[in-house]
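What follows is a short report on a single structure.
All of these numbers come straight from a predicted model, not from anything done at the bench.
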Amino acid sequence: MPSSAAISLDQRTRLAALQSLQSPRRRGRPLLPFIGPAVLASVAYIDPGNFATNLQAGATLGYSLLWVVLWANGMAMLVQTLSAKLGIATGRNLPELIRAHWPRPLVRLYWVQAEIVAMFTDLAEFLGAALGFHLLAGFSMPVSVLLTFVVVMAILGLERRGFRPLEIAVGSLVAVIALAYGVELLLSRIDWLAAARGVVVPNWGEGKAGLYLAAGILGATVMPHVIYLHSSLTQRRLVVADQLKPRLMAATRREVMLAMGLAGLLNMAMLAVAAAAFAGRGAEMADLSLAWQALTPLLGPAAAALFAVALLASGVSSSVVGTLSGQVVMQGFVGFSIPLWLRRVLTTVPAVVVIALGVDPTRALVFSQVVLSFGIPFALVPLLVFTGRRELMGALVNSQRVQALGWAIAAVIIVLNAWLLVTMV
């Protein structure tokens, strides 16, 4: 049973949020009670896969693709806002709505693909955390996997005490990543004029390499597992009357912009540091171990240590979020769930197999990103279908403008992922 202290923490958060929503003031409402769900969702946008993509982009084309990161982050903001809104408006998450409204055979298909995508996504995140332990402390990869399992399980155990302790733990890891890359920016010799030009001037260089990297950044914009998860995080966190839902949605929108905005800035920082440190070294910098080794002679041991710390925090936090997403997928699509520890054990097995077979962790990470692309249409299309239905969403139904923009973004992301998949195969 949750402890009374932890329950009171959740209750205090809910009470502060309700008092804020019931206040007649529109301006000056505190945001802190509403911060949590989007922070957990944002972790998927700064996971170890993003490290590899941003490192390669910066090392190959310098600051040229910063504008792609900016636009990709804008797309992610809209998608995660719609997912959060679905949970608030309906009181159900996306998998539950699919199970309630779509034919059973199709629901089973959705469940199978979602579990496969979640497994491969979790593989990348778990391997990233283990690699962080390996680089930071010099542990062997098997020992690093064991340490990662213990740390992730300890953080997941906080869920028994309520939603707030878990949100605080994951938020603290995001803060560690932000602090690490903030110092990395100070240690790097950033060409700020070139960086500013890269943000505002669309350019992907000459030849196919730039287009491929740009498509890689945009194609990884939507993370299917956190679309499912975000709707679950908001569905029961704060239950309010229908007349207060627009106010709750306004506060949620601010939280999404803040959390996803920070994730976008971190991705831009990753790319800018790579551009400053590794310009001209291209594809080899997609290997996280080589990038770490190269940082010491280029920027000093402190920069290399900060890189490993950020990678570790990214891998641990995204592994926690990935495990939670897997639970939402199973419970929503088929109506039952397994203990978190058992799911964590089962999803650790692929990482153990990869290491036992001697597969390079970075290669396994990249392959997992390819598998992830299969799941994007399965999550994005039903999200737009359901948030566009007034009988489900009520006053929070998508406007025609939002719906049109959402379908345009979906088309871009799906086409880019299909192109990437064909190219990589």
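In this structure, the side chain of N267 engages the main chain of A263 through a donor-acceptor pair within 3.5 Å. Proximity of a side-chain donor or acceptor of Q403 to a complementary backbone N or O of N398 within less than 3.5 Å is not detected. Side-chain N or O atoms of S188 include none that pairs as donor or acceptor with a backbone N or O of I190 at under 3.5 Å. S42 places a side-chain N or O within 3.5 Å of a backbone atom of V39 that can act as its donor or acceptor partner. In terms of modelled atom types and a separation under 3.5 Å, the side chain of R254 and the main chain of L31 share no donor-acceptor contact. In this structure, the side chain of S325 engages the main chain of V321 through a donor-acceptor pair within 3.5 Å. A donor-acceptor pair is defined here as one N or O able to donate and one able to accept, closer than 3.5 Å; no such pair exists between the side chain of S231 and the backbone of L86.
Residues R161 and D10 are not in side-chain contact: their nearest non-hydrogen atoms beyond the backbone lie 4.5 Å or more apart. No side-chain heavy atom of E125 sits under 4.5 Å from any side-chain heavy atom of V43. Contact check for E96 versus Q331: side-chain heavy atoms found under the 4.5 Å cut-off. Put simply, the side chain of V151 reaches to within 4.5 Å of the side chain of I155, judged on heavy atoms. Side-chain contact check for V402 versus L82: some heavy-atom pair is nearer than 4.5 Å.
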V117 and H225: CA distance, side-chain angles, deciding distance, side chain to side chain contact (heavy atoms under 4.5 Å, CB included) verdict: CA-CA 8 Å; V117 167; H225 63 298; 5.7 Å; no
Please test Y181 against L186 for side chain to side chain contact (heavy atoms under 4.5 Å, CB included), starting from the C-alpha separation and ending with a verdict. CA-CA 9 Å; Y181 259 94; L186 295 177; over 6 Å; no
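Distance check: N73 CG to Y45 OH gives 9.0 Å after rounding to the nearest 0.5 Å. Rounding to the nearest 0.5 angstrom, the gap separating the CG atom in L97 from the CG atom in L392 is 6.0 Å. Here the CG atom belonging to D191 is positioned 7.0 Å from the CZ atom belonging to R197, to the nearest 0.5 angstrom. One finds the CE atom of M153 at 8.0 Å from the OG1 atom of T323 (value rounded to the nearest 0.5 Å).
Under the side chain to side chain donor-acceptor pair (under 3.5 Å) criterion, E167 pairs with R164, R237, not counting sequence neighbours.
Ring to ring, Y228 and F333 are close: their centroids are under 6.0 angstrom apart. F386 and W102 have their aromatic ring centers within a separation under 6.0 angstrom.
Taking every heavy atom of both residues into account, V170 and S317 meet most closely at CG1-CB, 4.3 Å. The two residues A274 and N54 have their closest heavy-atom pair at CB-O, 4.0 Å. Shown here for V226 and A44, the closest heavy-atom pair between the two residues is CG1-CB, 3.5 Å.
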